[in-house]
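Down below is the structure, laid out as structure tokens.
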Amino acid sequence: LQSIQNMMSSNESLLKFTRSRAPAKLKNDVIIRVARGEKVERVPVWMLRQSGHYLPRFTDTCNMHSLEAIYKNPKLACDMTLLPLEHLDVDAVIVFADSFALLKILGIKVEPNKTGVLTISNPLMTPDDIDRLEKDVDFEQMLKPILDTISLVTYELDGRVPLIGFSLAPWTLLAYLIEGLGETKWFRAKSWLYLYQDTTHQLLNDLRGVVVDFLIHQYKAGAQVLMVIDSLAGTLGKKQFMDFCYPQLKEIAREIKQRLSSDITIILYTQGVHYALEELAGLDYQVIGIDWTIEPDVARAHIGGKKVLMGNLEPVALLADGEEIEKATNTMIRKFGVDRYIANVGDGIFPTTNLDNVKKFVDIVHAYKTR
């Protein structure tokens, strides 16, 4: 505990210094140039769950500190964010931050149980429970560790690669608010879409406002790219997706660009929304992330050539031998095409993945001929 307190004290001094500096010019801006539709010298690559247990020092740090302690300590979280760059020639890093931070500041208790599995002990059971949620959130204070982490990472990167800030999308947040965590078919959360439609729309609107504010604060803290993650969108059928998810995703992009800049790079990543690819193409996100269940050429055919696509190697493929990884990676790139494309995995990297295999994936992407 004392060592963490000492680190926190040194953090404050460093943060004051970093915030007094002008942002460094990006030395590697290939992802941002791709997002603008420019032709680039090579296919860029980064990975979902890029900071994870496949990195030995990540596991060592988690053995010394709980995830909650790392999230709350900007110096530790900064170190975890930058850790992939010690081993991999990736073209961006994503801030290492608590995915459930917005739930927590709304008053939802996300805590590990006796076996270490995260659980939510006070989900919303009925619309009456909405009154329990915190109102008038002070982002500067409540999310200070994340924003401080972003400031530190931006300083340490010194323009090496872009930093991605992220938030879960309104529907995904709402599903967790209602259902909790763990193995679930999302029955109770989805039932709200039928039983309490007006209330659900209003709550989604409120959550959208929180998401937009959160992302804007991350951008102002130093993130050059923003990402909206709707990982539970595929739990819905097309009608429910179009009625409850789609309008929120549309408004998030519109509001951010209206309040910041029309040029800001925003990535949208959804899972399981194979039935709405053409509709996703109509949203004002420069980059659309594709999960591993969708064939790249199918995604390109439905979304078209004007959008940048990101994805979508099945993470399990990185458990294979080098020859199989090379084959799968080259096939993926060929099907997506090298223009308006960012290579990635189609879901988070598995903890048991061999680091050498991840290196191989990155190197194969960068070696792919773009001309």
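These numbers were taken from a predicted model, which means no experiment stands behind them. The analysis underlying the following values was restricted to heavy atoms, covering all of them including side chains, and did not include hydrogens, waters or symmetry mates.
Inter-residue side-chain proximity for I150 and H217 is flagged as unmet; no heavy-atom pair is nearer than 4.5 Å. H87 places none of its side-chain heavy atoms less than 4.5 Å from the side chain of Y54. Here the side chains of I266 and Q286 are in contact, with some heavy-atom distance below 4.5 Å. Looking at heavy atoms from C-beta onward, L236 lies in side-chain contact with K190 at the 4.5 angstrom threshold. The shortest distance between side-chain heavy atoms of L319 and T353 falls below 4.5 Å. In this structure, I108 and L133 have side chains that are in contact, with non-hydrogen atoms separated by less than 4.5 Å. Between L204 and E251, every side-chain heavy-atom pair lies at or beyond the 4.5 Å cut-off. Proximity of L26 to P162: side-chain heavy atoms (C-beta onward) are separated by under 4.5 Å at one or more points.
When the side chains of ILVMFWY residues are joined at heavy-atom separations under 4.5 Å, either directly or via intervening members, I303 and V298 end up in two distinct hydrophobic clusters. No continuous path of hydrophobic side-chain contacts links L355 to F350 [ILVMFWY only; heavy atoms under 4.5 Å]. Residues V45 and W292 do not share a hydrophobic cluster, defined by chaining ILVMFWY side chains whose heavy atoms lie under 4.5 Å apart. One hydrophobic cluster, built from ILVMFWY side chains closer than 4.5 Å, holds both F244 and Y194. Cluster membership for L181 and W186, using ILVMFWY side-chain heavy atoms within less than 4.5 angstrom, is shared.
Checked by atom type and distance alone, the side chain of E179 pairs as donor or acceptor with a backbone atom of R188 at under 3.5 Å. At least one donor-acceptor pair under 3.5 Å links the side chain of N330 to the backbone N or O of E326. A side-chain donor-acceptor contact under 3.5 Å links R340 to the backbone of G305. Side-chain N or O atoms of D158 include none that pairs as donor or acceptor with a backbone N or O of R160 at under 3.5 Å. Remark: the backbone N or O of M47 is paired with a side-chain donor or acceptor of Q50 at under 3.5 angstrom. With hydrogens and angles ignored, the 3.5 Å screen pairs a side-chain donor or acceptor of T235 with a backbone N or O of L232. Checking side-chain atoms of D129 against main-chain N and O of N122 turns up no donor-acceptor pair under 3.5 Å. The backbone N or O of L268 lies less than 3.5 Å from no partner atom in the side chain of D230, so there is not a single donor-acceptor pair. Side chain of T265 to backbone of I32: no donor-acceptor contact under 3.5 angstrom is found.
For NZ of K135, the number of neighbouring non-hydrogen atoms (other residues, nucleotides, ligands) closer than 6.0 Å is greater than 12. By the neighbour-count criterion of 12 heavy atoms within 6.0 Å, atom CG of D198 is sparsely surrounded, having that number or fewer from other residues, nucleotides or ligands. Atom NZ of K104 has more than 12 neighbouring heavy atoms from other residues, nucleotides or ligands inside a 6.0 Å radius. The number of heavy atoms from other shown groups lying within 6.0 Å of CD (E86) is above 12. Heavy atoms of other residues, nucleotides or ligands lying less than 6.0 angstrom from NZ of K109 number 12 at most. Atom NZ of K25 has 12 or fewer heavy atoms from other residues, nucleotides or ligands within 6.0 Å.
Scanning both residues, F96 and T81, for their nearest heavy atoms gives N-OG1, 2.8 Å. For the residue pair L102 and S167, the shortest heavy atom distance occurs at CD1-OG, 3.5 Å. What you find for I31 and A92 is that their closest heavy atoms are CD1-CB, 3.6 Å. In this structure, R300 and K307 approach most closely via the heavy-atom pair NH1-O, 3.0 Å. Across all their heavy atoms, A299 and L277 have their closest contact at CA-CD1, 4.0 Å. The two residues L157 and L85 have their closest heavy-atom pair at CD2-CD1, 3.6 Å.
To the nearest 0.5 Å, the span separating NE2 on H201 from CG on L193 amounts to 8.0 Å. Taken to the nearest 0.5 Å, the OG1 atom of T61 stands 10.0 Å off from the NE2 atom of H53. Atom CD1 of residue I70 and atom CG of residue D98 lie 11.5 Å apart, to the nearest 0.5 angstrom. Of the inter-residue distances, the one linking S151 atom OG with E156 atom CD reads 12.0 Å to the nearest 0.5 angstrom. Rounded to the nearest 0.5 angstrom, L124 CG and D131 CG are separated by 10.0 Å. The distance from atom CD1 of I333 to atom OH of Y341, rounded to the nearest 0.5 Å, is 5.5 Å.
Between the side chains of D206 and Q202, at least one donor N or O lies within less than 3.5 Å of an accepting N or O.
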task: Would you please test D291 and D347 for side chain to side chain contact (heavy atoms under 4.5 Å, CB included) and show each step?
output: CA-CA 6 Å; D291 74 66; D347 201 346; over 6 Å; no

message: The test is salt bridge (charged side-chain N to carboxylate O under 4.0 Å, His left out); show your working for R334 and D297 and say whether it passes.
response: CA-CA 9 Å; R334 176 175 54 79; D297 47 354; over 6 Å; no

task: Evaluate the criterion side chain to side chain contact (heavy atoms under 4.5 Å, CB included) for residue pair L177 and L207; output intermediate values, then yes/no.
output: CA-CA 11 Å; L177 278 172; L207 289 171; 4.0 Å; yes

- request: Give the intermediate values and the outcome of salt bridge (charged side-chain N to carboxylate O under 4.0 Å, His left out) for residues D213 and R259.
  value: CA-CA 10 Å; D213 284 343; R259 290 170 58 180; 3.0 Å; yes

field: Chi angles and distances behind the side chain to side chain contact (heavy atoms under 4.5 Å, CB included) call for V161, V93
entry: CA-CA 7 Å; V161 295; V93 292; 4.3 Å; yes

query: Could you walk me through whether E279 and K238 pass the side chain to side chain contact (heavy atoms under 4.5 Å, CB included) check?
result: CA-CA 10 Å; E279 287 80 1; K238 183 171 184 178; 2.9 Å; yes

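Taking the six-membered ring for Trp and thresholds of 30 and 60 degrees, Y246 and F241 have ring planes more than 60 degrees apart, a perpendicular arrangement.
Taking a cutoff of 4.0 Å between a charged side-chain nitrogen and a carboxylate oxygen, D243 and K239 qualify as a salt bridge. A salt bridge does not link D138 to K144: none of the charged nitrogens lies less than 4.0 Å from a carboxylate oxygen.
Checking K306, K257, R254 one by one against D284, the salt bridge (charged side-chain N to carboxylate O under 4.0 Å, His left out) holds for a single residue, K257.
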